[in-house]
Amino acid sequence: MEPLEEILQEITSFETQLSRRSFIGAALLIAVAADVSLGKDDKRFIDAVAATLIPATALQSTGINVGQNIDRLLQSGNADHRRKVTRFVAWSQRASILYGGEKVALNARGSRFTLVRKMGRTLSSLCLIAFWADERALTLIDVPEESA
Amino acid sequence: MIRKLTGEHRRHIFSARDLDTSEKCRQVVQTYYDACVIGSGPGGAIAAATLTQAGLKVLLVEKGPFIPQEQINFRVLDMSNRFGHVETTSGYRTVLYQGSALGGSSMIFGAVAMKLKQFVFDEWKEKSGIAEINAETLEPHYQHIAEVMSVTRQTKDLENRPNAVVREMAGALGKPDDLVFVNRYTSACAGIGLCNFGCGVDLKGNMSNSFLPLALETGNLTVLTDCEARSVVGEDDKEGWTASALAVTPRDASNRSATLIKARRIIVAAGAFFSSAVLLRSPKFPNRQAIGQKVYLQPHAQVFALFDKPMTSRGTLADDQYVPHNGVPAIYNFLGFLQEHHFWWLASILYPASLASFVSYLPPQDHFEIMRQFHHTMSLTVTVKDDPAKSRIVLKDGRAQLDFEESKHDIESFRRCFLMAAKGLLAVGARRVFLPLLRPPVIEKPSDLGKIEKLKFTYNDLISYSDHTSGGNQFGIDERRGVTNASGLVFGTTNVYVADSSLFPTAPGVNPSWTIMALARHVATGILSRG
């Protein structure tokens, strides 16, 4: 099971459930263009969220741009998957108004709503995969002292 | 033995995206075939190979793309989203994952080949009323597949550190005899451990390097990729409902009108989710109330553990590709609790991005600290042989959905599984165990195990997935007990067959691919014998 695939499906579910729920409010249900890649605003948002999940020194020393990597991940998937991810990111950005701006991934974890907790996990996973799937992140991993 | 898809083979592989521009492609869909097979995974590829080798003209339709071996590498950013298709249950209880590329789920499986345990065959007999599908009757098919795909039993000398942990856990739990060596679809695994990315060194047996080249060599097989099967077209005649064609559209082109491919028989092998969907979408299809009922997920979850000693060694970085060299990912299945408590486990494939995702609930500093110690972690893939309270494929606006509710029994299996896995991991030296829950308890010492016993959770709180999905078109002795007969022929039809995991009357327990292939060959040889 590939983690991005799991995320994409969580997004599908998230999308389905959002349309049934009202507690987050209309702000989340604003129609979002089905773009095939992340827009500049989306990338800025993702980079800001990633900065709350990954130490600044790690981002700086590796030079990894999480938003760019998500775009790269999207390029290898089909159009349906790309649409879901871009829509999810746009929704998360709107939800962030209610959950502490760029700290949305962290704050959503404490929500009493299962759906919001799932959004927090999904957003966290998306950013963390896009960072740790990049070979440059391997320099951050301790070299094992002995052969396993 | 690995068989390459040569240039000559590839001349018979077409993409439905070219239907509007390629005359050759148009000719493909205008031909009349002896059989049209839906799906190129372990079911469809074996059925197609068996029929073409006997001289039948076959069209194989695959929803996903053809990804040539030369495009497969080990870059997680490039490969993790290429081969699979995901669906979910209603209300997102869990995730369904299956291959969506030429070769189907064989492109993403971990290459573990297991025969069913006898108690599962017994369950099948009881549930279906059919005695003729059993270990003995499937054995020749198992053997044929083993020869073509170089199925090889793993040996102790291949044991790496995560496998040693699985072995030590079996001893610590008092069940050393329930550790079994698995077979793998390879005789020369390089031990890279990224089988789920398609195997960049082409040493893993899959349908694209085994049965599909064999079938293409006959000159009787044509493959149409990027092609979604919408429905089977047919009508009632005096013998029963008779299919005349398969309606297809190019993938991701829902606005395009369907193209009809005419064939003497339709063989449905699109996996447990999509096989039922195709049949349910088919107008006036007989016995539809039975189709898609009782789907089994056999869900998996990952249990991670952190150790003081390294579990994996450092890989190599070349051409921007990180290539681990940790040995064969799983040589053992631990089956000590399968028959009584319906769960089992093996050491799983692990790479940094997967660990990053699965422990994403940790506070950022803790997460980074665990990631820094990646080489000191290992993962167990735990699997529950399930029996859901409700699990049926339904159509909603033409799209299939799995209407699903887990059973208390399955939750209890997961709880007991977490308890035993954590107990075993702590007993063999784990410093911390990470359970696959949205809000997991901290497990660092034996006294923490009580927290697992008190856990209240549903599938909504569990981070799980299914790539062993089965059922929905079970074989049975009559229409009340199944969708197909023992030959895979759908009741009420004269020429529609099922040849995939949707035939299973109950969840298979162990890895299903070898049995899917054996059953598909059983169905195909039956078609040949009837002429």
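Chain letters run A, B, ... following the sequence lines, proteins first, then strands; residues in each count from 1. Please read all numbers here as calculations on a predicted model, not as lab measurements.
Note that CZ of B:F368 is 6.5 Å distant from CZ of A:F131, once rounded to the nearest 0.5 Å.
B:V76 is not listed as a side-chain neighbour of A:E135, based on a closest heavy-atom distance of 4.5 Å or more. Within the 4.5 Å cutoff, the side chain of A:K118 has heavy atoms near those of the B:N460 side chain.
Annotation: B:R314, atom CZ; neighbour count of heavy atoms from other residues, nucleotides and ligands within 6.0 Å does not exceed 12. Residue-environment remark: NZ (A:K43) exceeds the threshold of 12 foreign heavy atoms within 6.0 Å.
Ranked by heavy-atom pairs shorter than 4.5 Å toward chain B, the options A:L140, A:D142, A:L128 are led by A:D142. Interface check for chain A: of the options B:P352, B:S100, B:G315, the most heavy-atom pairs under 4.5 Å are formed by B:P352.
Heavy atoms of B:R439 lying under 4.5 Å from chain A belong exclusively to its side chain. Proximity to chain B (any heavy atom under 4.5 Å) is restricted, for A:L106, to the side chain, taken from C-beta onward. The part of B:P363 that comes within reach of chain A is its backbone (N, CA, C, O), which places non-hydrogen atoms under 4.5 angstrom from that chain. Using a 4.5 Å cut-off between heavy atoms, B:L362 contacts chain A through its backbone alone, with no side-chain atom that close. When heavy atoms are compared at a cutoff of 4.5 Å, B:Y322 approaches chain A by way of both its backbone and its side chain. When heavy atoms are compared at a cutoff of 4.5 Å, A:A105 does not approach chain B at all.
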Show the numbers, then the answer: is there a side-chain contact (heavy atoms from CB on, under 4.5 Å) between B:I463 and A:R121? CA-CA 10 Å; B:I463 302 164; A:R121 178 182 181 272; 3.3 Å; yes
Residue pair A:R117, B:D461: steps toward the side-chain contact (heavy atoms from CB on, under 4.5 Å) verdict: CA-CA 10 Å; A:R117 289 202 299 275; B:D461 308 295; 4.2 Å; yes
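B:L77 and A:D134 get closest at one heavy-atom pair: CD1-CA, 4.1 Å. Residue A:S125 comes nearest to B:S357 through the heavy atom pair OG-O, 3.5 Å, listed as atom of the first residue, atom of the second, then distance. Minimum interatomic distance between A:R109 and B:Y361 (heavy atoms only, all atoms of both residues): NH1-O, 3.0 Å.
Taking non-hydrogen atoms and a 4.5 Å limit, the residue list of residues 372-381 of chain B in contact with chain A, ordered by number, reads B:R372, B:F374, B:H375. The stretch residues 52-63 of chain A places A:T52, A:L53, A:P55, A:A58 near chain B, each with some heavy atom under 4.5 Å from a heavy atom of that chain.
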